Amino acid sequence: MRAIPILIVLLSFAFTVQAKSHRDFDEIYRPQIHYSAPFNWIGDPCGFIYQNGEYHLFYLFNPTENNSGHSSWGHAVSKNLIDWESLPVAINADPIDTSDVLLGSVMNGSVIIDRNNILQKQVSETKTMVAFYTVFKKGLKLSFSIDNGRTWKLSEQSLQIDSLNSECVDPKVIWYEPTQTWVMILSQKSKENAMQSRLIFYNSKDLIHWSYKDKVPGFFENPNLFELKVNNRENDRHWVLAGGNGSYLIGSFDGEKFKSETGILKYEYGQNYSAPVTTQTPDGRVIQIAGLGGAAFPNMPFNGQMAFPCELSLRRFSDGIHLCRAPARELESLYEKVYEWEDKNLYPGLGQNLLQGIDGDCFRIVASIDMKSSDTFGFLLRKGKENMGTEVMYTAKNQLISCMQQNAQIEPTDGMIDFDILLDRASVEVFSSNGKVSITNAFNPEPKDKKTMLFTIGGELLVKNLKIYRLRSIYEPLK
């Protein structure tokens with residue numbers, strides 16, 4: 001096992017103590033419904049897995065500083081996808097090399113449950129948890145845990161991968177049941193264009209020896225592969241191959257080769273969404289969690305947060321099948337109070353605000369709007385006396401939904417537009433068209449600005465249905 005710097009061990013211990021004893025995290029930009037580490041920088045999620053009644057979330061984490069720097073793998077667990085307990089560092093970076101501060105950093109990867117304990121070659125009630133990841137400039141590595149993720153050991157066996165290119169990163173490993181085979185997908189950046197990459201598929205029976213099977217071009221890092229039912233129909237299933245920036249393909253998969261049935265599609269249009277990972281719940285749902293990368297947390301003891309966990313589904317639209325996302329139903333446990341409107345007409349003018357008195361910093365807003373004669377309509381979030389707030393709006397002329405200068409195109413359905421908005425102290429997540437498109441952004445509103453407003457420009461609007469749920473903080477006990 002690698003030597004672990006004493007400083008990192010001490011910081012790991014302090015991290016656990018703070019996470020368990022200090023539940024009143026109330027800094028002005030501390031996320032109240034999203035996971036954030038008690039202190040220091042966190043980045044992309046790297047592994048997301050369910051075992052023995054717990055969801056395990058692994059993520060890039062700097063245990064010594066509040067910036068990206070020299071990263072290890074942080075670790076948090078939850079029984080309900082809402083209340084998270086931060087645990088000690090799971091996989092430590094190598095000691096810092098002064099000639100290259102990033103050398104030895106633990107980078108992105110994935111975690112699986114070794115259902116047959118083939119690495120340990122023993123029968124155990126607790127299945128081995130296995131992590132695949134890249135160490136900066138040192139290649140692909142494998143570590144394992146036999147105590148439900150609490151401690152980790154670097155495998156003495158090196159991964160043997162056919163024709164492995166040094167540019168291959170972000171190993172994603174899944175189990176393919178029909179052939180009883182492990183599948184690994186690696187991302188390889190293009191030499192011609194660093195922003196382009198292809199995904200490379202491998203198979204293995206023992207998690208150590210991997211044989212090349214296929215490649216798929218046109219994706220950007222952090223691959224994901226999972227199967228979903230269309231419109232929840234058991235006999236209509238398709239596979240989704242997704243990249244780290246919200247792009248994806250729908251097709252078929254036989255355990256070795258992915259055959260696309262669509263061109264590259266896209267569900268996410270925000271500026272802070274990054275590196276989504278997925279797991280399956282005990283009741284069969286596929287849950288996705290992503291990072292909120294590139295956000296700013298001025299003067300905060302922490303730096304970074306996760307997006308809210310989302311349920312994934314495939315739905316059939318007039319233009320074909322699309323991947324759809326919705327906040328996981330566990331969010332309902334945070335509902336404190338609901339405000340509701342139905343069949344309300346709204347006219348242009350600031351005096352027409354239906355939402356008078358709806359003040360706060362954590363809401364879920366679910367709306368179904370008939371545009372009627374309106375040219376543009378939307379919500380102003382975190383509005384103040386001197387600040388118009390952050391707009392989430394829809395423009396009829398070009399059929400664009402927008403938030404913080406990020407846009408996505410959607411067509412009304414029978415003249416109706418739907419919104420599902422998650423507002424937290426430092427983020428806005430917008431879902432529309434039944435989750436077919438989303439815009440995930442981070443922001444830093446003025447702490448005193450907490451008003452909410454619904455507006456229309458150019459004509460009348462019909463609020464068919466509107467519900468605003470006030471959300472309790474995950475750091476507050478249930479009442």
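Please read these numbers as outputs of a predicted model, since none were measured by experiment. Here, residue 1 is the first one in the sequence, and each next residue gets the next number.
Note that CG of L249 is 11.5 Å distant from CG of L323, once rounded to the nearest 0.5 Å. Between the CG atom of D359 and the OG1 atom of T452 there is a distance of 6.5 Å, given to the nearest 0.5 Å. Atom CD of E234 sits about 4.5 Å away from atom NZ of K229, to the nearest 0.5 Å. Annotation: the span from M393 atom CE to L380 atom CG amounts to 9.5 Å, rounded to 0.5 Å. Of the inter-residue distances, the one linking T413 atom OG1 with N434 atom CG reads 7.0 Å to the nearest 0.5 angstrom. For the atom pair S432 OG and I369 CD1, the distance stands at 10.5 Å (nearest 0.5 Å).
What you find for S71 and L60 is that their closest heavy atoms are OG-CD2, 4.3 Å. Between Y133 and V106, the closest heavy-atom pair is CD1-CG1, 3.6 Å. Counting all heavy atoms, side chain and backbone alike, S433 lies closest to I410 at CB-CG2, 4.0 Å. Annotation for D361 and R382: closest pair CB-NH1, 3.5 Å, computed over non-hydrogen atoms. E27 and R425 make their closest contact through O-NH1, 3.0 Å (heavy atoms, listed as atom of the first residue, atom of the second, distance). Closest heavy-atom contact between A275 and N108: CB-ND2, 4.1 Å.
The only option from Y475, F61, F48, Y59 that meets the ring-ring contact (aromatic ring centres under 6.0 Å, His included) definition with Y35 turns out to be Y59. Exactly one of E446, K451, E391 qualifies for a side-chain contact (heavy atoms from CB on, under 4.5 Å) with K383. That residue is K451. Partner of F308 under the side-chain contact (heavy atoms from CB on, under 4.5 Å) criterion, out of T440, L331, I289, D424: L331 alone. With M306 as the partner, the side-chain contact (heavy atoms from CB on, under 4.5 Å) test is satisfied by one option alone out of I42, L292, V277: I42.
Contacts classified as salt bridge (charged side-chain N to carboxylate O under 4.0 Å, His left out) and involving residues 259-282 (residues at least two apart or in different chains) are given here: E268-R325. Pairs of residues two or more places apart, or lying in two chains, that qualify as salt bridge (charged side-chain N to carboxylate O under 4.0 Å, His left out) and include a residue from residues 426-438 are D319-K436.
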- Message: Run L355 and F379 through side chain to side chain contact (heavy atoms under 4.5 Å, CB included) and show every step you take.
- Response: CA-CA 10 Å; L355 313 185; F379 295 88; 4.1 Å; yes
- Go through Y248 and T262 one step at a time and tell me if the side-chain hydrogen bond (donor to acceptor under 3.5 Å, both in side chains) criterion holds. CA-CA 9 Å; Y248 67 99; T262 67; over 6 Å; no
- Would I365 and L466 count as a side chain to side chain contact (heavy atoms under 4.5 Å, CB included) if you check the C-alpha gap in whole Å, the side-chain angles of each, and the deciding distance to 0.1 Å? CA-CA 7 Å; I365 301 173; L466 172 60; 3.8 Å; yes
- Task: Test W152 against M129 for side chain to side chain contact (heavy atoms under 4.5 Å, CB included), laying out the working first.
- Result: CA-CA 9 Å; W152 290 80; M129 195 176 286; 3.6 Å; yes
- Query: What's the verdict on side chain to side chain contact (heavy atoms under 4.5 Å, CB included) for C168 and I200, showing C-alpha distance, side-chain angles and the deciding distance?
  - Reply: CA-CA 9 Å; C168 289; I200 306 175; 4.0 Å; yes
- Message: What verdict does the salt bridge (Lys or Arg N to Asp or Glu O under 4.0 Å) test give for E460 and K372, after you've listed the backbone C-alpha separation in whole Å, the side-chain angles of each residue and the deciding distance to 0.1 Å?
- Response: CA-CA 6 Å; E460 181 185 358; K372 300 191 78 172; 3.2 Å; yes
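Ring pair W239/Y176 is tilted by interplanar angle, where 30° to 60° counts as tilted. Using the six-membered ring where Trp is involved, H56 and F58 have ring planes that are parallel, under 30° apart on the 30 and 60° scheme. The aromatic rings of Y335 and Y469 lie parallel to each other, with less than 30° between the two planes, well short of the 60° mark.
H70 is not listed as a side-chain neighbour of T64, based on a closest heavy-atom distance of 4.5 Å or more. I112 has its side chain within reach of F132: a pair of non-hydrogen atoms, C-beta onward, lies under 4.5 Å apart. By the 4.5 Å heavy-atom criterion applied to side chains, T395 and D375 are not counted as neighbours. Proximity of E330 to P309: side-chain heavy atoms (C-beta onward) are nowhere separated by under 4.5 Å. Looking only at side-chain heavy atoms (C-beta outward), I439 and V392 stay at 4.5 Å or farther from each other. For the pair L186/Q188, no side-chain contact is recorded, criterion being any heavy-atom separation below 4.5 Å from C-beta on. For the pair S78 and L57, the minimum side-chain heavy-atom distance is 4.5 Å or more. Contact annotation: the side chain of L225 never approaches that of K172 to less than 4.5 Å [non-hydrogen atoms, C-beta and beyond].
Counted within 6.0 Å of CG on N299, heavy atoms from surrounding residues, nucleotides or ligands total 12 or fewer; the atom is thus considered open. Within a 6.0 Å sphere centred on CD of E411, heavy atoms belonging to other residues, nucleotides or ligands number 12 at most.
With S110 contributing its side chain and P171 its backbone, the two residues share a donor-acceptor pair below 3.5 Å. Side chain of N407 to main chain of L400: no donor-acceptor pair is present (N/O by atom type, distance under 3.5 Å, no hydrogens or angles). The backbone N or O of R233 lies less than 3.5 Å from no partner atom in the side chain of N231, so there is not a single donor-acceptor pair. The backbone N or O of N398 sits less than 3.5 Å from a side-chain atom of Q409, completing a donor-acceptor pair. The closest donor-acceptor contact from the side chain of S402 to the backbone of Q405 lies at 3.5 Å or more, if one exists at all. When atom types are taken as modelled, the side chain of N465 and the backbone of S368 share no donor-acceptor pair closer than 3.5 angstrom. With N224 contributing its side chain and P276 its backbone, the two residues share a donor-acceptor pair below 3.5 Å. Side-chain atoms of D420 do not come within 3.5 Å of backbone N or O of F431 as any donor-acceptor pair. With hydrogens and angles disregarded, no donor-acceptor distance shorter than 3.5 Å links the side chain of N303 to the backbone of W41. Remark: the backbone N or O of L102 is paired with a side-chain donor or acceptor of S105 at under 3.5 angstrom.
With hydrogens and angles left out, the side-chain atoms of N441 and Q406 include no donor and acceptor closer than 3.5 Å. Counting only N and O atoms by type, the side chains of Q32 and S473 include a donor and acceptor under 3.5 Å apart.
By the 4.0 Å N-to-carboxylate-O rule, E54 lies close enough to R150 to be salt-bridged with it. Under the 4.0 Å criterion applied to side-chain N and carboxylate O atoms, D343 and K464 are assigned as salt-bridge partners. With salt bridges taken as basic N to acidic carboxylate O contacts below 4.0 Å, one links E177 and R115.
Relative to the six-membered ring of F302, R30 meets both conditions, a distance below 6.0 Å and an angle of at most 45° to the axis.
Note: Y29 and F297 fail the aromatic proximity criterion, with ring centroids not under 6.0 Å apart.
Scanning for side-chain hydrogen bond (donor to acceptor under 3.5 Å, both in side chains) contacts around Y273 gives Y267, Q288, with sequence neighbours left out.
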